[in-house]
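Quick caveat, the model's predicted, so the values are computed rather than measured.
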Amino acid sequence: MLNQLEQKRVYRRGRVTVFAAPKTTTKLCTSIDRQETVKKQRPVNLDLSTISLPAAAKASILHRVTGVAMFFALLFVIWAWAYSLQSQAGFDYVKSLMTSHLAKFIAWGTITVLTYHLLAGIRHLVMDLGHWEELKSGTLSANIIMALWLVLAVLAGVWLWF
């Protein structure tokens, strides 16, 4: 075996194989255009259930997901506003739609997505000011934001349905 400082090159029919201690890299050399293609053998973990993300990472990913969800939720909101402002009949139609369970669920989803995005955005602004950047305080702030979001989501559901 080779130690980390040694490297050994073997030339065979246009292929250069570089042996190093941590990994093997194979370069394919072509004589016409001198392009090199590097193929690295790396372990691939395709089972995403084995990956455990910290709370701060989950909060950050959820902040991005809620941003995308807000875009699609606003399509429904803008349509409802525009249609209800066209005429009295349009307003009555949107009002009757909003009494259905599906419309209430969409409204609840829009409110909860907006609430989380707002809370996580405030958390990110505080982090931009230099606070909550350490591991312990970042994890605590992420957990507080998620817990507060769940409480506010339940309160929004109660407000819409009861």
Side-chain angles (χ1 to χ4, degrees), residues 18 20-28 30 33 35-162:
V18 180
K23 60 187 171 195
T24 302
T25 304
T26 302
K27 295 182 180 181
L28 301 174
T30 60
D33 55 1
Q35 290 181 350
E36 295 182 357
T37 304
V38 178
K39 182 179 180 185
K40 296 180 181 178
Q41 300 295 328
R42 295 184 180 183
V44 178
N45 183 8
L46 296 177
D47 187 10
L48 297 179
S49 64
T50 62
I51 298 173
S52 176
L53 294 174
K58 290 177 186 174
S60 182
I61 292 169
L62 195 55
H63 183 248
R64 290 175 185 232
V65 169
T66 56
V68 173
M70 269 194 331
F71 172 77
F72 291 110
L74 283 178
L75 293 176
F76 173 74
V77 171
I78 291 171
W79 170 83
W81 283 341
Y83 200 76
S84 67
L85 292 175
Q86 286 179 356
S87 64
Q88 182 65 36
F91 179 80
D92 292 335
Y93 176 71
V94 171
K95 186 177 177 183
S96 68
L97 270 180
M98 290 300 178
T99 58
S100 71
H101 290 293
L102 179 63
K104 285 184 179 183
F105 181 75
I106 291 172
W108 176 78
T110 304
I111 291 169
T112 56
V113 162
L114 179 64
T115 303
Y116 182 82
H117 198 75
L118 180 70
L119 291 172
I122 292 170
R123 177 181 176 265
H124 280 290
L125 286 175
V126 171
M127 289 175 66
D128 286 342
L129 295 174
H131 305 286
W132 300 339
E133 291 181 339
E134 297 80 25
L135 181 63
K136 188 175 181 179
S137 61
T139 302
L140 180 64
S141 67
N143 287 332
I144 289 172
I145 290 298
M146 285 192 246
L148 184 60
W149 173 57
L150 289 175
V151 168
L152 291 174
V154 169
L155 289 176
V158 169
W159 176 64
L160 279 174
W161 272 286
F162 299 108

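- Using a 4.5 Å heavy-atom threshold, the side chains of R123 and H63 count as separate.
- Between atom CD1 of residue I106 and atom CG of residue L97 there is a gap of 9.5 Å, rounded to the nearest 0.5 Å.
- With a 6.0 Å radius and a threshold of 12 heavy atoms from other residues, nucleotides or ligands, W161 has its CH2 atom above the threshold.
- Shown here is L135, whose CG atom has no more than 12 heavy atoms of other residues, nucleotides or ligands within 6.0 Å.
- Atoms CZ and CG, from F105 and L160 in turn, are 11.5 Å apart once rounded to the nearest 0.5 Å.
- Nearest heavy-atom pair, M70 versus L114, reported as atom, atom and distance to 0.1 Å: SD-CD1, 3.5 Å.
- Across all non-hydrogen atoms, the minimal contact from A55 to N143 is CB-OD1, 3.3 Å.
- Checking each of I111, T110, T112 against W108 for a side-chain contact (heavy atoms from CB on, under 4.5 Å) leaves exactly one that passes, namely T112.
- Taken from CD1 in I122 to NE2 in H117, the straight-line distance is 11.0 Å, to the nearest 0.5 Å.
- Here the straight-line distance linking atom CE of M127 with atom OG of S141 works out to 6.5 Å at 0.5 Å rounding.
- In the displayed structure, W81 atom CH2 is contacted under 6.0 Å by at most 12 heavy atoms of other residues, nucleotides or ligands.
- Residue pairs meeting the side chain to side chain donor-acceptor pair (under 3.5 Å) criterion with at least one member in residues 86-97, sequence neighbours excluded: Q88-D92.
- Within the 3.5 Å criterion, the main-chain N or O of A56 finds no donor-acceptor partner in the side chain of S60.
- For L155, the side-chain contact (heavy atoms from CB on, under 4.5 Å) partners two or more places apart in sequence, or in a different chain, are V151, L152.
- From K104, atom NZ reaches atom OG1 of T99 across 7.0 Å, with rounding to the nearest 0.5 Å.
- Atoms OG1 and CG, on T115 and L119 in that order, are 6.5 Å from each other to the nearest 0.5 Å.
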